[in-house]
K.L.:
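Provided herewith is a single structure, encoded as structure tokens, for subsequent inquiry.
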Amino acid sequence: MPGLLLHVGAITTCTHQAPVPPKPPATPRVFVNGAVPVLSILDVLIPTGCPFTVPAGPGPKPQPCVRVQVEPSARVKVMGQPAAILTPTAMCFSVEQIPQGPPNSLATQKRVIAT
């Protein structure tokens, strides 16, 4: 499924607006709009500070997003590794691996679409 190529300059948040910092490769050789692309070996991104809680039982139960899973590109490779792409199937997960919804991307490059 085609999707936008993720890069270090992209502003991505979990479903509940917590920031998801990208993890760049150690030695970048390829740039997309002047930013380093994210490799799919690191296709599990970790949001920081998700505030989501559900009302359960006697009190609220924290269910923050702890993992954002994106897709690896099948055709676009960076330094021999598949690049990470943001597709409609990307998903945020809680500690109990409950799907929380898709991540949001605010400022991502629009020129490179990969499959």
Side-chain angles (χ1 to χ4, degrees):
M1 177 174 290
L4 297 172
L5 192 70
L6 282 177
H7 60 87
V8 174
I11 298 172
T12 307
T13 62
C14 77
T15 305
H16 312 105
Q17 304 305 317
V20 180
K23 298 176 187 175
T27 55
R29 293 184 187 172
V30 176
F31 295 91
V32 178
N33 284 355
V36 179
V38 177
L39 301 181
S40 72
I41 340 189
L42 311 169
D43 61 357
V44 176
L45 304 173
I46 301 170
T48 55
C50 180
F52 187 64
T53 58
V54 293
K61 179 181 179 188
Q63 283 290 333
C65 295
V66 295
R67 179 172 71 98
V68 176
Q69 187 169 354
V70 296
E71 298 293 320
S73 172
R75 295 184 179 179
V76 177
K77 307 260 190 244
V78 176
M79 297 186 320
Q81 299 294 325
I85 55 176
L86 190 60
T87 64
T89 60
M91 188 63 63
C92 300
F93 292 93
S94 71
V95 173
E96 297 170 354
Q97 301 308 307
I98 301 170
Q100 302 284 6
N104 301 312
S105 182
L106 304 174
T108 189
Q109 58 81 29
K110 305 288 188 216
R111 291 183 179 181
V112 180
I113 297 175
T115 57

K.L.:
If we check side-chain contact (heavy atoms from CB on, under 4.5 Å) with N104, which of these qualifies: T13, I11, L86?
P.N.:
T13
K.L.:
I'd like to check C14 versus C50 (side-chain heavy atoms, cut-off strictly below 4.5 Å). Are they in contact?
P.N.:
yes
K.L.:
For residues T53 and P62, report the shortest heavy-atom separation together with the two atoms involved.
P.N.:
CG2-CA, 3.6 Å
K.L.:
Would you say the side chain of V20 lies within less than 4.5 Å of the side chain of I46, judging by non-hydrogen atoms?
P.N.:
no
K.L.:
I'd like to know if the side chain of T89 pairs up with that of E71 as donor and acceptor (distance under 3.5 Å, no hydrogens or angles considered).
P.N.:
yes
K.L.:
Minimum heavy-atom separation for G3 to I85, with atom names?
P.N.:
O-CG2, 4.0 Å
K.L.:
Does the side chain of C65 come within less than 4.5 Å of H16's, by heavy atoms?
P.N.:
yes
K.L.:
Given 3.5 Å as the limit, does a donor-acceptor pair link the side chain of T15 with the main chain of G101, or not?
P.N.:
yes
K.L.:
Heavy atoms only: give me the nearest T12-P103 pair and the separation to one decimal.
P.N.:
CG2-CB, 4.2 Å
K.L.:
Within the structure provided, determine whether I98 and Q63 are in side-chain contact (heavy-atom separation under 4.5 Å).
P.N.:
yes
K.L.:
Please give me the minimum heavy-atom distance between P102 and C92, naming the atom from each residue.
P.N.:
C-SG, 4.2 Å
K.L.:
Taking C-beta and beyond as the side chain, do V70 and L6 meet within less than 4.5 Å on heavy atoms?
P.N.:
yes
K.L.:
What I'd like to find out is whether the side chain of M91 reaches to under 4.5 Å of the side chain of R67, using heavy atoms alone.
P.N.:
no
K.L.:
Side chain to side chain contact (heavy atoms under 4.5 Å, CB included) between F93 and Q100: does it pass, once the steps are laid out?
P.N.:
CA-CA 5 Å; F93 292 93; Q100 302 284 6; 5.7 Å; no
